[in-house]
Q: 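Pasting in a structure now, in structure tokens, and then I'll have a few things to ask.
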Amino acid sequence: MKSKSIIVCPDCGKEIEVLKACGASNFFCNHCNELKSSQRVKAANPIVFPAQPEK
């Protein structure tokens, strides 16, 4: 079984929904009822999105 990582909203801390279409990913919070910036979501979830070393 594969464990699913929970991605949380940077504003309210509730679970966020990931919408994927045509190669793009969007992050939507059902609690705040708005799309969230991918940079803010990634910054708020460092375990799920580890920092990429700069080249």
Side-chain angles (χ1 to χ4, degrees):
M1 247 162 66
K2 192 175 185 181
S3 65
K4 181 183 171 189
S5 297
I6 303 289
I7 301 172
V8 296
C9 175
D11 295 328
C12 68
K14 304 279 185 184
E15 186 175 355
I16 236 173
E17 187 176 345
V18 181
L19 308 170
K20 293 183 179 180
C22 302
S25 295
N26 293 301
F27 301 95
F28 183 78
C29 178
N30 286 312
H31 184 259
C32 298
N33 201 29
E34 62 184 22
L35 285 171
K36 298 296 177 175
S37 161
S38 60
Q39 287 184 328
R40 290 186 60 224
V41 170
K42 289 176 183 179
N45 295 276
I47 295 171
V48 180
F49 302 103
Q52 300 277 334
E54 292 189 28
K55 294 180 182 178

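On a predicted model such as this, the values are computed, not experimentally measured, just so you know.
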Q: If you link I, L, V, M, F, W and Y whenever their side-chain heavy atoms are under 4.5 Å apart, who else ends up in the same group as L19?
A: F28, L35
Q: Locate the shortest heavy-atom distance separating A44 from V8; write the atom from each residue and the value.
A: O-CG2, 4.5 Å
Q: Starting at CG of N33, measure out to SG of C12 and round the result to the nearest 0.5 Å.
A: 11.0 Å
Q: Taking all heavy atoms of C32 and all of C29, pick out the closest pair and write down the distance.
A: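 Scanning both residues completely, I find the closest heavy atoms to be N-SG, 3.3 Å.
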Q: Under the side-chain hydrogen bond (donor to acceptor under 3.5 Å, both in side chains) rule, collect the residues that match up with K36, sequence neighbours excluded.
A: D11, E34
Q: Which salt bridge (charged side-chain N to carboxylate O under 4.0 Å, His left out) pairs, counting each pair once, include a residue from residues 16-33, with sequence neighbours left out?
A: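 Counting only pairs at least two positions apart or across chains, no salt bridge (charged side-chain N to carboxylate O under 4.0 Å, His left out) contact touches residues 16-33.
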Q: Nearest 0.5 angstrom please: K14 NZ to I6 CD1, how far?
A: 13.0 Å
Q: Same cluster or not: V48 versus V41, using hydrophobic residues (I, L, V, M, F, W, Y) connected whenever any side-chain heavy atoms lie under 4.5 Å apart?
A: yes
